[in-house]
Amino acid sequence: MNTVNRQVLTLDEYTIQQLRGIPGATGELSSLLRDIGLAAKRINVEVNKAGLVDILGDAGSINVQGEDVKKLDIYANNQLMGVLQHGISCAGIASEELDEFIAFDDEVSKNSKYVVLFDPLDGSGNIDVNISIGTIFGVYRRVTERGSKVTEEDILQPGVRQVAAGYIVYGSSTMLVYATRRGVNGFTLDPSIGEFCLSHPDIKCPEYGKIYSVNHGNFFKYTHGVREYINNCQKKTKEDGGPYTQRYIGSMVADVHRNLLKGGIFMYPGLADKPGGKLRLLYECNPFAFIVEVAGGKATDGTQRILDIHPTELHQRSPLFIGSKGMMNELETYMMKEKQLH
Ligand code: P6P
């Protein structure tokens, strides 16, 4: 029997192929991932013309089509919320853009299996200087009974309970990367067919790398152990795995994506005046911690595994150290030395 030569798999084809391999799978997770892919394509269109908004009328004004020009992160939030509410898989959402979580109250949604937590457009401050930005999401099974509206208990789950997590990076190309426990895969948007196509199958985070990413402007606000590790990064030679290079563009999705593919460590430590750091546990740290761990890396808050943290608030922040396992282990020796000193 002659088999059809497979073209590159699209996201839809890939998720359906994965579904075929899981006996008893209902297809709800695959459907949810396809919904997120659709929202990402719509967000991508707006992100790509962001620079033109000034010509068409600034955010908050009326554009040439007579539409309200919304702030892009609110637009992205609404796109994600819309596809998830009108799909068959999501019972509720929480967003970095919304003060409270949203429990969908239509019957199909109330009977759906998952909740989705997301940062709709991280790094949106970089849009007007044309630096890559991204969308980040994490998917959890609801813990309360299907048929009822989700509660805060469904939202405030430790990251280890994620069943999937991913991000979209709107950069030189637009890529959607998502992880389930079975692996991490990257899909690049092919504008000629308007589909995300499998371009980076089975992504693994190299055990070591030569890139360290941190905001040096905060150097003297970091703890002694973190400062010592950064000094160590700057002294690396060829003989001990270096020399390292410092790469930090102020857009977490782009920085962590680069380090995931090439090997490296990204740090947003706690600061003397902000010990919790800046990044949100639910919408930024947990999804990336899940993805990087499935790819073979590590993610901690400097003390414990990010995925083991039990959230208590929707918008709580956490220090984040994430990346190549070998580099994370070296960082931990510096953190340990500091603990022994105190
Ligand atoms: P800083 C963007 O605002 C963001 O949330 C992350 O994407 C990025 O890594 C971080 O903040 C940059 O923060 O304080 O170094 O400018």
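We're numbering straight along the sequence, starting at 1. Atoms considered below: every heavy atom in the structure, side chains included; atoms not considered: hydrogens, waters and symmetry mates. For ligands, and for the atoms within them, numbers begin at 1 and follow the listed sequence.
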*Asks:* At a 4.0 Å threshold, what atoms of ligand 1 neighbour a non-hydrogen atom of Phe266?
*Replies:* 9 (O)
*Asks:* With heavy atoms of Tyr268 as the reference, note each atom of ligand 1 found under 4.0 Å away.
*Replies:* 1 (P), 13 (O), 14 (O), 15 (O)
*Asks:* Below 3.5 angstrom, do we get any N/O pair linking Val253 and ligand 1?
*Replies:* no
*Asks:* Taking Phe266 as the fixed residue, which of Arg247, Met327, Met252, His257 is the one that meets the side chain to side chain contact (heavy atoms under 4.5 Å, CB included) rule?
*Replies:* Met252
*Asks:* So, are Glu330 and Lys236 salt-bridged, with charged N and O less than 4.0 Å apart?
*Replies:* yes
*Asks:* Hey, any chance Val47 and Val253 share a hydrophobic cluster, counting ILVMFWY side chains that come within less than 4.5 Å of each other, even indirectly?
*Replies:* no
*Asks:* Heavy-atom distance to atom 3 (O) of ligand 1: which of Lys278, Glu96, Met252 wins?
*Replies:* Lys278
*Asks:* Among Arg305, Arg181, Lys204, exactly one meets salt bridge (Lys or Arg N to Asp or Glu O under 4.0 Å) together with Glu293. Which residue is that?
*Replies:* Arg305
*Asks:* Under 3.5 Å between any N/O of Tyr248 and any N/O of ligand 1: does that happen in this structure?
*Replies:* yes
*Asks:* Show me which atoms of ligand 1 lie under 4.0 Å from any heavy atom of Glu284.
*Replies:* 5 (O)
*Asks:* Measuring from the heavy atoms of Asp122, does anything fall under 4.0 Å of ligand 1?
*Replies:* yes
*Asks:* Would you say ligand 1 has an N or O under 3.5 Å from any N or O of Asn218?
*Replies:* no
*Asks:* Quick one: do Arg280 and Glu96 make a salt bridge, cutoff under 4.0 Å?
*Replies:* yes
*Asks:* At a non-hydrogen distance cut-off of under 4.0 Å, which region of Tyr283 contacts ligand 1 (side chain, backbone, both, or neither)?
*Replies:* neither
*Asks:* If we ignore angles and hydrogens, is there a donor and acceptor under 3.5 Å between the side chains of Ser213 and Arg258?
*Replies:* yes
*Asks:* Do Leu282 and Gln316 have side chains that approach each other closer than 4.5 Å (heavy atoms only, starting at C-beta)?
*Replies:* no
